[in-house]
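Below is one structure, written out as C-alpha cells; comments come after it.
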Amino acid sequence: MTFNWRVFQTTFPDFMRATGVTIQYAVIAIVIAVIWGIFIGSINFRRPKGIWRITSAYVCFFRETPLLVQIYFLFYGLSRLMPVSASIIAVAALVLNDGAFIAENVRGGLQSINKGQEEAAYALGFSKFQTMIYFLIPQAVTKVQDSIMNMVSIIIKDTSLLMWITITELTYMAHRVNSKYYQPVTAYLTAAVIYMALFLSVQGIKKLMDRRSQKKYELSES
Amino acid sequence: MSDNNNIVLSLKNVTKKFGDLTVLDNMSLDIHEHEIVVLCGPSGGGKSTLLRSINGLEKINSGEIYYRGELVTNKNIKSVRSHIGMVFQSFNLFDNLTVRDNLTIAPIKILKKTKAEAVEKAQSYLDTFGIGDKMDHYPHQLSGGQKQRVAIVRSMMMEPDVMLFDEPTSALDPEMIKEVLDAIRRLAEMGMTMVIVTHEIGFAREVSSRMLFLENAKIRVDASTEDFFTNTEDERLKQFLSVILKH
C-alpha cells in the first residue's frame, strides 16, 4: 500500500470539485450558524418567559447528541414531513449543531459583561433591545471571537459527515475514489492533506483579523 | 424654594426593600431647579439606592417618583431617563466604542441629532473638560480621571435637566479626584441641577446648596449647606461630621 501518483493525477480534478463543495457548505453554514447562535445565545441570556425553555432545550439537545444522529434524524424525519433537498438538510444540520455551540459561547460572553455597561445604556434612555444591539452583543462577540474561529475549523471537519446523505463533498470523494481504484492511502491521504490546507488557510485569515484589530487600537493610541 | 413650578424631581413615600432589608423607608423629597443637593451618611444608609431609584435602575416597592410633575412609570421611564444624566462610580463607559462613539451614540440614536452636530458638541465639551485630544481613544487607553470626565460629558451630551452622581470619585486615585471635582464645579457654574452622593465632604460643603444626611433608610437631616455644617442640633450628624471632618 503506497501512494499512487497516477491515481492521484487522474482523480485530482474530482477532488478539487469536492473541495469546492466542502468549502461551500462550510461557508454557508458558518455564516448562518453565527447569526443563529447570536440570536439563540441572546435569548438564553435574557430568558424571556416561556421561550427560553424551548431555546435552552434545543441547545442542550444539539450539543449533547452526535451530529451524525442529527443529520439522519433531519434527513429521514424532515423529508417525511415536507419535500426538502439533501443540501438544505445538510445546511440545517450544520447550522443547528454548530449554532448551538456558538449560542452557548455567546451566552457566556454576554454574562461576563459588567452589569454597569447595561445600566449606563439604560440611564441614557436606550431600550433593552437597543442595549443588546449596540453594546452587549458587540462586546460578547469580541470576547468569543476566538472560539467562533475555532468553530470554523470544526464545521469544515463536520461537513465530512454529509457524505451519508449523498452530498458529494471531500470525504465522499475519497470514498468513491477508493472504491473505484482500491487505493485507500492515495484517496484518504489526499483528502486529509486538503482538509489540513483548509485549516491552515482559516488560521491565516484569523491571524490577519487579529493583526487588523490590533492595528485599530494602535492607531488610536497616538 | 417653595415654588412648586420649579420642582424637577419629587419623591413621595418611596420605599425600597432588598428582601427583608429596608433601604429606603417611606422617603419623600423635592429637588428644585438649580439646586445642588449632596447626600451623605454612613454606608448602607440608602444614598446610592435613592439615586438609582430616581432613574429606575432600582425598582421601588411602593411610593411615587415624579419628574417635572409627571409620574414616572414603566411607560415613560425611557424618556425620563434621557432627561436625567447619571454618572457612576465605576464610569461604565462603553468598552467597545471610542470616546467619540461613546459620546455621540445616544444623541444620534435617541435625540436624532446628526452625526456632525453630535461630534461638534462632543469636541467642545471635551475641550471644556481638558480632554479634547482623546476623541479617538478607547476607554481602556484612558486614566480613571479621564474616563470619569468622558462619562460626565456623555451625560451632558443628552442636554440633561438634572445630573445624578453616584460616588463619582470613589474609584479614583487621589490625584485624579481633583480633575473630576473640577468638572463637577464647572457644571455647578453652568447652573446644572445636581444630586451628588459623595464622601468628599469638603467639596460637598463648597459646591452644594443643600445637604441631606441619610441613615438607616431615612433622611435624618435635610438642611441648607450652611445650617448643615454649623447649626445642626442632630447628635448623630454631629458625631458623623466630627469623624469625617477630622479625617
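Convention: sequence-line order gives letters A, B, ...; per-chain numbering from 1.
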Heavy-atom proximity to chain A below 4.5 Å, by part of B:Arg154: both
Please say whether more than 12 non-hydrogen atoms of neighbouring residues, nucleotides or ligands are located less than 6.0 Å from CH2 in A:Trp164. no
Would you say the side chain of A:Tyr122 lies within less than 4.5 Å of the side chain of B:Asn55, judging by non-hydrogen atoms? no
Residue part contacting chain A, namely of B:Ile105, when any heavy atom lies under 4.5 Å: both
Below 30° counts as parallel, above 60° as perpendicular, anything between as tilted: where do the rings of B:Phe94 and A:Phe126 land? perpendicular
Closest-packed option against chain B by number of heavy-atom pairs under 4.5 Å, given A:Gln117, A:Gln139, A:Gln130, A:Lys115: A:Gln117
Tell me whether A:Arg46 at atom CZ has more than 12 heavy atoms from other residues, nucleotides or ligands lying less than 6.0 Å away. yes
CZ of A:Phe135 to CG of B:Asn92: how many Å apart, nearest 0.5 Å? 12.0 Å
Flag if over 12 foreign heavy atoms under 6.0 Å of OH, A:Tyr58: yes
Run the side chain to side chain contact (heavy atoms under 4.5 Å, CB included) test on B:Leu97 and A:Tyr134 for me, step by step, so that the C-alpha distance in whole Å, both residues' side-chain angles and the decisive distance to 0.1 Å come before the verdict. CA-CA 10 Å; B:Leu97 304 180; A:Tyr134 296 138; over 6 Å; no
Does B:Asp95 reach the main-chain N or O of A:Asn114 with its side chain, forming a donor-acceptor pair under 3.5 Å? no
B:Lys78 atom NZ: more than 12 heavy-atom contacts under 6.0 Å: no
CD of B:Gln123: more than 12 outside heavy atoms within 6.0 angstrom? yes
Find the one option among B:Arg52, B:Met158, B:Met157 whose heavy-atom pairs under 4.5 Å with chain A are most numerous. B:Arg52
Tell me whether B:Lys109 at atom NZ has more than 12 heavy atoms from other residues, nucleotides or ligands lying less than 6.0 Å away. no
Is there side-chain contact between A:Glu119 and B:Met86, with at least one heavy-atom pair below 4.5 Å? no
Is it the side chain or the backbone of B:Phe88 that comes within 4.5 Å of chain A heavy atoms, both, or neither? side chain
Can you establish whether the number of heavy atoms outside A:Phe61 located under 6.0 Å from its atom CZ is more than 12? yes
In short, ring pair (Phe, Tyr, Trp, His ring centres under 6.0 Å) pairs touching residues 49-69 of chain B with sequence neighbours left out are B:Tyr67-B:His83
Just so I know, are the side chains of A:Leu124 and B:Arg81 near enough to count as touching, which here means a heavy-atom distance under 4.5 Å? no
Per-residue contact mode, B:Ile110 against chain A (heavy atom under 4.5 angstrom): side chain
B:Phe18, CZ: over 12 other non-hydrogen atoms inside 6.0 angstrom: yes
